[in-house]
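Written out below as structure tokens is the structure these notes cover.
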Amino acid sequence: MSSPEIASLSWGQMKVHGSAKIYKDCKVWPGGSRAWDWRETGTEHSPGVQPADVEEVVEKGVQILVIGRGMSEALKAGLQRGWLNLDIQ
């Protein structure tokens with residue numbers, strides 16, 4: 001099973017194939033999607049994406065992870081901090 005594709009993207013609006021919702025930010029995984037509320041994990045532009053943000057989608061079966069940095073590329077992705085070391089079989 002693959003993750004739903006992003007149907008359209010514009011400032012503050014993301015549409016995902018198979019969902020009637022319009023997201024500001026979202027997470028997608030094989031078979032689903034949901035709104036990504038940064039407040040859940042304390043995500044801010046800096047220091048950026050938190051490990052818990054990634055862990056959720058990996059647990060749902062994601063094998064290839066794409067982290068968007070936003071329209072202005074202001075969101076840090078954590079790669080420079082070295083915590084994103086996934087061992088996916």
With sequence neighbours left out, the residues meeting salt bridge (charged side-chain N to carboxylate O under 4.0 Å, His left out) with Asp37 are Arg39
With sequence neighbours left out, write down each residue that passes salt bridge (charged side-chain N to carboxylate O under 4.0 Å, His left out) with Arg69, or none if nothing qualifies.
->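 Result, salt bridge (charged side-chain N to carboxylate O under 4.0 Å, His left out) vs Arg69: none returned.
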Which distance, rounded to the nearest 0.5 Å, do you find between the [atom1] of [X] and the [atom2] of [Y]?
{"X": "Ser10", "Y": "Lys15", "atom1": "OG", "atom2": "NZ", "value": "7.5 Å"}
{"X": "Glu55", "Y": "Gln50", "atom1": "CD", "atom2": "CD", "value": "10.5 Å"}
{"X": "Ser3", "Y": "Gln63", "atom1": "OG", "atom2": "CD", "value": "9.5 Å"}
{"X": "His17", "Y": "Ser8", "atom1": "NE2", "atom2": "OG", "value": "8.5 Å"}
{"X": "Tyr23", "Y": "Leu9", "atom1": "OH", "atom2": "CG", "value": "14.0 Å"}

Check the hydrophobic clustering (I, L, V, M, F, W, Y; side-chain heavy atoms under 4.5 Å; chains of links allowed) and say if [X] and [Y] are grouped together.
{"X": "Trp29", "Y": "Leu65", "result": "yes"}
{"X": "Leu75", "Y": "Val57", "result": "yes"}
{"X": "Val49", "Y": "Val58", "result": "yes"}
{"X": "Val54", "Y": "Val62", "result": "yes"}

Partner of Trp36 by side chain to side chain donor-acceptor pair (under 3.5 Å), out of Asp53, Thr43, Asp25 =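 Running side chain to side chain donor-acceptor pair (under 3.5 Å) over Asp53, Thr43, Asp25 with Trp36 returns exactly one hit, Asp53.
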Does the side chain of [Y] come within less than 4.5 Å of [X]'s, by heavy atoms?
{"X": "Trp38", "Y": "His45", "answer": "yes"}
{"X": "Met14", "Y": "Ile22", "answer": "no"}
{"X": "Ile6", "Y": "Cys26", "answer": "yes"}

If you look at every heavy atom in Gly31 and Pro4, which pair is closest and at what distance?
-> N-CD, 4.3 Å
Donor-acceptor contact below 3.5 Å, side chain Ser46 vs main chain Gly48 | no
Taking only Lys NZ, Arg NE, NH1 and NH2, and the carboxylate oxygens of Asp or Glu, determine whether Glu59 and Lys27 approach each other closer than 4.0 Å.
-> no
In plain terms, say whether Arg34 and Glu56 are close enough for a salt bridge, that is, a side-chain N and a carboxylate O under 4.0 Å apart.
-> yes
